Amino acid sequence: MSLITSSVAATALISLILVFITFWLPSLSPDNEKLSPYECGFDPLGSARLPFSLRFFLVAILFLLFDLEIALLLPLPWGDQLLSPLSTLLWAATILILLTLGLIYEWLQGGLEWAE
């Protein structure tokens, strides 16, 4: 069996096993929380006009900001093969310094404290 065929077979087998486990595991002990379509912590049967927590919104925005960091730094290993890898390192360091300064600012302002 060739390497490509065995790799495709192993990938398909692992994928099928994971899909089977994904469908089988939640049905072991269903309860009201697992059967509920909402996972945001709000009561799905209450009013939809309740005020939204601003702190939850800020944490979500911070998560998106730092998740974007991964997308910006993903091409970094290929940047070493450019004609000037120093410029790639400079841009990556600039991104990391800006994000670190933003994290320090949010920390000092108390934006990362969930409970008061």
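In this text, all values refer to a predicted model and were calculated from it rather than measured experimentally. Atom set for the values below is all heavy atoms of this structure, side chains included, hydrogens, waters and symmetry mates excluded.
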Please report the shortest heavy-atom distance between S6 and L3, naming the atom on each side. OG-O, 2.9 Å
What is the distance from atom [atom1] of [X] to atom [atom2] of [Y], rounded to the nearest 0.5 Å?
X	Y	atom1	atom2	answer
T94	L99	OG1	CG	11.0 Å
L103	L108	CG	CG	9.5 Å
T100	I95	OG1	CD1	11.5 Å
T11	L16	OG1	CG	11.0 Å

Are [Y] and [X] connected into the same hydrophobic cluster when the rule is that any two of I, L, V, M, F, W, Y join if their side-chain heavy atoms are below 4.5 Å apart?
X	Y	result
L96	L68	yes
L13	I21	yes
I17	W24	yes

Flag yes if more than 12 heavy atoms outside L101 fall under 6.0 Å of its CG atom; otherwise flag no. yes
